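Just so we're clear, the structure is a prediction, and the values are computed from it rather than from any experiment.
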Amino acid sequence: RIGILGAGAATEWAIIPALSGPGATQPPDIGAWWGRRPLSSSDIRYQAPARPDIVALCDPDGERAERVASSARIRAVYSDWRLMLREVPLDALICATDSLLTAEVITGANAAVKWLWIDCPPAPSSLATQQLQKLLAGRAN
């Protein structure tokens, strides 16, 4: 169960397709190896990789969030990431927003999710990154 913070171009054109791409249910490279596999292993069946379930999307621009969520069939759309974390149980959060908000999200979401992926620098400056590191010292598992 994944939540995404940010509905910009990176989310729409890279992150969502990478997580739920069209080839997720097809055997790898059907025309090459899969078509010429040895007869002794003909009883081996292809098992598609697990597809992550993107359950929530958050962006301050509600119209953009609704558009991206509807095209990706994401059920829950939010304009406040704190509300999203309170209402939707998530295993992972992808933060694809600007670095001004990232430090706040890191500290706020640290205990709410098991996995946090940041798609930008964690803070707007090296000094702010050092301060964030001190703040989070001892919190990581």
Side-chain angles (χ1 to χ4, degrees), residues 1-38 40-141:
R1 297 179 49 87
I2 297 175
I4 301 175
L5 174 56
T11 297
E12 185 174 9
W13 298 106
I15 295 170
I16 292 174
L19 292 173
S20 56
T25 59
Q26 296 298 318
D29 201 5
I30 294 172
W33 179 85
W34 190 256
R36 298 187 317 265
R37 67 188 184 279
S40 62
S41 63
S42 61
D43 57 351
I44 296 174
R45 300 289 179 249
Y46 174 72
Q47 181 177 355
R51 294 180 74 182
D53 189 16
I54 305 171
V55 297
L57 178 69
C58 177
D59 194 278
D61 182 351
E63 186 177 312
R64 179 174 56 189
E66 287 288 340
R67 180 182 51 78
V68 172
S70 67
S71 68
R73 295 185 294 277
I74 299 171
R75 298 177 294 273
V77 181
Y78 293 89
S79 59
D80 181 10
W81 63 271
R82 291 174 200 84
L83 182 62
M84 180 178 76
L85 290 178
R86 280 195 302 268
E87 292 185 357
V88 182
L90 298 173
D91 295 317
L93 177 66
I94 296 174
C95 183
T97 185
D98 61 16
S99 60
L100 296 175
L101 181 62
T102 303
E104 186 180 353
V105 172
I106 290 171
T107 56
N110 192 23
V113 295
K114 296 174 189 173
W115 300 97
L116 179 61
W117 182 59
I118 306 298
D119 188 41
C120 67
S125 68
S126 60
L127 179 60
T129 302
Q130 290 171 353
Q131 291 170 343
L132 179 63
Q133 184 180 8
K134 288 177 185 175
L135 179 67
L136 294 174
R139 284 188 171 186
N141 292 334

Out of curiosity, I4 CD1 to I15 CD1, how far, rounded to the nearest 0.5 Å? 6.0 Å
How far apart are the closest heavy atoms of A7 and V68, and which atoms are they? O-CG2, 3.7 Å
Pairwise side-chain hydrogen bond (donor to acceptor under 3.5 Å, both in side chains) hits with a residue in residues 3-18, at least two apart: E12-R67
Looking at residues at least two apart in the chain, or sitting in another chain, which of them share a side-chain contact (heavy atoms from CB on, under 4.5 Å) with S126? none
List the atom pairs, with distances to 0.1 Å, where a side-chain N or O of residues 83-93 and a protein N or O form a donor-acceptor pair under 3.5 Å, not counting sequence neighbours.
| from | atom 1 | to | atom 2 | distance (Å) |
| --- | --- | --- | --- | --- |
| E87 | OE1 | Y78 | OH | 2.8 |
| D91 | OD2 | R1 | N | 3.2 |

Going by side-chain contact (heavy atoms from CB on, under 4.5 Å), I94 matches just one of I118, L5, L116, L19. Which one? L19
Testing the basics here: between A72 and I16, what is the closest heavy-atom pair and its distance to 0.1 Å? CB-CG2, 3.7 Å
Between A65 and D59 the two heavy atoms that sit nearest each other are CB-CB, 3.8 Å
